[in-house]
Amino acid sequence: MPSAMPALPVDAAPVVDIQGLWTVFGRGKSEVVIHRDLALQVRRGEVLTLVGGSGTGKTVLLRQMLGLEHPARGSVQVLGQPAAELGRHGASSRVGMLFQQGALFSAFSVLDNIAFALRELGTLPADVVTDAAYVKLQMVGLGPQHAHKRPSDLSGGMIKRVALARALIMDPPLLLLDEPTAGLDPHASDDFCDLLKDLHAELGLTVIMVTHDLDTLFALSTRVAVLASQKVLFTDTPRVVAGLDHPFIHDFFQGERGRRAMAPAPSQLPSTP
Amino acid sequence: MWQFCLNPRLVTEAALSPPSLEWRDTAQGRCAAPTGNWTAAALADRGVASQLLQALAPAGGGPIAALPWDLSGLQRLDHVGAQLLWRQWGMQWPAQLQVDALQRQMLERVARLTLPPGRPRTEPSADGTRSAIDHLGVRVLKGLGHARDYVRMQGQLLLDFIQLLRAPRDAPWRDLSGHLYQMGATAMPITALVGFLIGVVLAYLMALQLRQFGAEAFIVNILGISLIRELGPLLAAILVAGRSGSAITAQIGVMRVTEELDAMRVMGIAHGFRLVMPRALGLAIAMPLISVWTTLASLAGGMLASDLALKVTPAFFMQALPAAVEASNLALATGKSVVFGILIALVGCHYGLGVKPNTESLGQGTTASVVTSITVVILVDALFAILFKDVGI
């Protein structure tokens with residue numbers, strides 16, 4: 001299996017700085033607290049994986065970083081600004097988000113989806129924008145023949161790839177990925193890991209991802225943050241976290257799949273009798 | 001240390017300078033040296049982008065590629081920046097190029113993945129006349145398809161209704177009661193308001209004409225016949241078509257987009273029996289009630305206005321109304337409303353089930369549903385007027 005990425009030298013200021021975050025849904029009796037006094041810092045060049053059971057608020061935490069949810073208390077700073085101020089003009093040059101379901105614009109073709117943010121800027125000639133979109137389309141492993149399809153004509157895996165290409169169109173320094181490899185076949189997942197590694201090295205990307213795919217987790221993450229009991233319980237390198245004693249971590253990492261993902265790949269297939 | 005200097009990531013945000021293209025004279029001759037931050041983020045600024053594009057524009061193509069290029073002055077380079085360089089080089093590698101490993105990797109990827117100039121980049125579009133004829137044909141076929149589906153849906157509704165009568169216990173009564181409330185009860189305020197105002201307008205308008213002939217008492221006949229027989233049911237139907245017809249299409253359309261319809265089919269639950277029939281039945285029951293309600297509101301408005309404008313007292317109005325309007329008009333209005341209700345529900349369901357899983361189609365379906373249901377209501381009303389011209393007048 002591929003080894004984890006080397007940690008990059010880091011800047012002083014964290015890319016994402018979350019302090020004392022409370023996320024609360026509903027009011028009064030139906031109030032549900034998702035995050036209670038949660039703290040998390042992500043430094044430049046890190047690949048941080050958020051893990052946690054279903055409903056522990058991993059996606060909500062990503063949405064907080066994007067400014068799509070409002071903190072009930074506490075602060076979320078992204079790239080040195082409050083997250084709520086991210087969604088201004090040219091936001092896609094700062095943050096790229098891969099939504100779980102892709103969230104492609106269904107009225108546009110694949111190419112227009114990818115080119116959208118760059119085209120909206122209106123500062124570059126149309127042919128440069130088109131060429132850049134074609135490059136991104138092929139970077140995620142789709143051929144140019146798919147460029148004029150509609151999102152409704154794509155398979156689940158293709159939607160993921162197009163959504164990734166769209167998130168990457170402006171090579172943003174911060175990339176948020178929600179279940180990037182769910183629904184991809186193993187080969188495509190490996191391609192995805194390789195692509196992300198290359199981009200990480202070339203552009204110095206900071207990546208925060210939610211994934212349940214242990215292969216991706218061990219292949220990419222420089223750090224793993226475990227969400228449980230409404231806060232970030234542990235953050236450390238994947239190997240250290242995998243060895244911690246906590247019921248969730250035990251189930252997550254030390255099941256059969258976890259052992260397989262952590263074990264070095266067998267040098268040779270056992271010979272069949 | 002050498003690695004450190006070349007690593008573009010280590011330039012801090014504050015030290016970044018805007019992208020530019022400089023020409024340097026060296027011992028070997030002129031040399032192109034792009035400097036600064038060649039990234040999409042920097043090019044997001046209109047001034048910066050236009051300045052750089054202007055610097056690039058006169059160069060483009062052949063002779064430039066022959067010059068030596070030195071990229072060591074670049075602070076950052078991303079795919080968009082690399083794209084600009086590659087385009088500047090006329091999509092071929094310059095004869096002499098000084099780059100570091102990461103820049104080369106980026107440029108190589110862009111070089112590999114940029115489509116060669118001959119490849120069509122935009123969607124092919126058909127030529128004028130032929131595509132116009134094609135388009136017309138497609139529209140005609142689409143129209144026929146709609147008509148066929150609509151007839152099929154009416155047949156299915158009949159079958160579902162028979163099934164309902166045979167096994168009333170299995171019917172979706174809970175859905176029906178929900179629809180009755182949503183489409184009927186919640187429509188009462190708006191229909192009452194519109195009905196009342198139409199009654200007032202009509203009475204004032206007629207008052208001016210009738211006073212000229214001294215035929216004030218006939219206001220009761222005019223208002224009674226027109227409101228009870230025609231305007232009450234029609235107004236109610238148009239309002240409900242706009243209100244509930246669109247809601248039906250949007251609900252079912254969103255179910256298509258989110259694959260809920262497919263999930264229902266997989267569970268063996270028929271769309272006709274579970275989605276179409278309760279809505280059609282709901283509107284068939286609610287529509288006549290709403291129609292009566294609207295008629296009453298408009299009569300109240302008319303009564304008030306005739307009292308004010310013509311001094312026709314409400315007592316006289318009430319007394320004269322039964323004589324002016326035969327009871328068969330009420331039956332006609334109610335029957336008409338039942339038909340309107342079923343038609344509106346079926347049109348709404350038809351367009352809702354026809355939505356394709358994308359937002360554009362959902363919008364088109366909802367628009368088409370409202371336009372069609374209002375048109376159908378008016379057409380059928382005209383048909384009723386002709387068929388029953390001897391009844392009740």
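Per chain, numbering begins at 1; letters A, B, ... match sequence-line order.
Environment of CZ in A:F25: crowded, with over 12 heavy atoms of neighbouring residues, nucleotides or ligands closer than 6.0 Å. The number of heavy atoms from other shown groups lying within 6.0 Å of CD (B:Q251) is above 12. Within a 6.0 Å radius of CD in B:E259, no more than 12 heavy atoms belonging to other residues, nucleotides or ligands are found.
Residues A:L124 and B:Q83 form no side-chain contact, since every pair of their non-hydrogen atoms from C-beta on lies 4.5 Å or further apart. Side-chain contact between A:L168 and B:H79 is absent, with no heavy-atom pair separated by less than 4.5 Å.
Interface summary for chain A: among B:K356, B:R112, B:R46, the most heavy-atom pairs under 4.5 angstrom belong to B:R46. Looking only at heavy-atom pairs under 4.5 Å with chain B, the residue among A:A133, A:P172, A:P151, A:G122 that has the most is A:G122.
Applying the side-chain contact (heavy atoms from CB on, under 4.5 Å) rule to A:A167 yields the partners A:L175; only residues at least two apart in sequence or on another chain are considered. Applying the side chain to side chain donor-acceptor pair (under 3.5 Å) criterion to B:E260, with sequence neighbours excluded, gives B:T258.
Rounding to the nearest 0.5 Å gives a distance of 10.0 Å between CG of B:L113 and NZ of A:K136. To the nearest 0.5 Å, atoms CG (A:L199) and CE (B:M106) are separated by 7.0 Å. To the nearest 0.5 angstrom, B:T359 atom OG1 is 11.0 Å from A:L104 atom CG.
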> Where do A:D127 and B:R87 land on the side-chain contact (heavy atoms from CB on, under 4.5 Å) test, with the steps shown first?
Replying inline: CA-CA 10 Å; A:D127 57 336; B:R87 181 164 165 265; 3.2 Å; yes

>> Walk me through whether A:T123 and B:D45 qualify under side-chain contact (heavy atoms from CB on, under 4.5 Å).
In response: CA-CA 7 Å; A:T123 58; B:D45 185 287; over 6 Å; no

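If you measure heavy-atom distances from A:L118 to chain B, the contacts under 4.5 Å come from the side chain alone. Proximity to chain A (any heavy atom under 4.5 Å) is shown, for B:T39, by neither the backbone nor the side chain.
Summarising the geometry of B:V80 relative to A:D171, their closest heavy-atom pair is N-OD2, 4.2 Å, with the distance given to 0.1 Å. Residues A:P144 and B:L115 approach most closely at CG-CD2, 3.8 Å, considering heavy atoms. The two residues B:P357 and A:S152 make their nearest non-hydrogen contact at O-CB, 3.9 Å.
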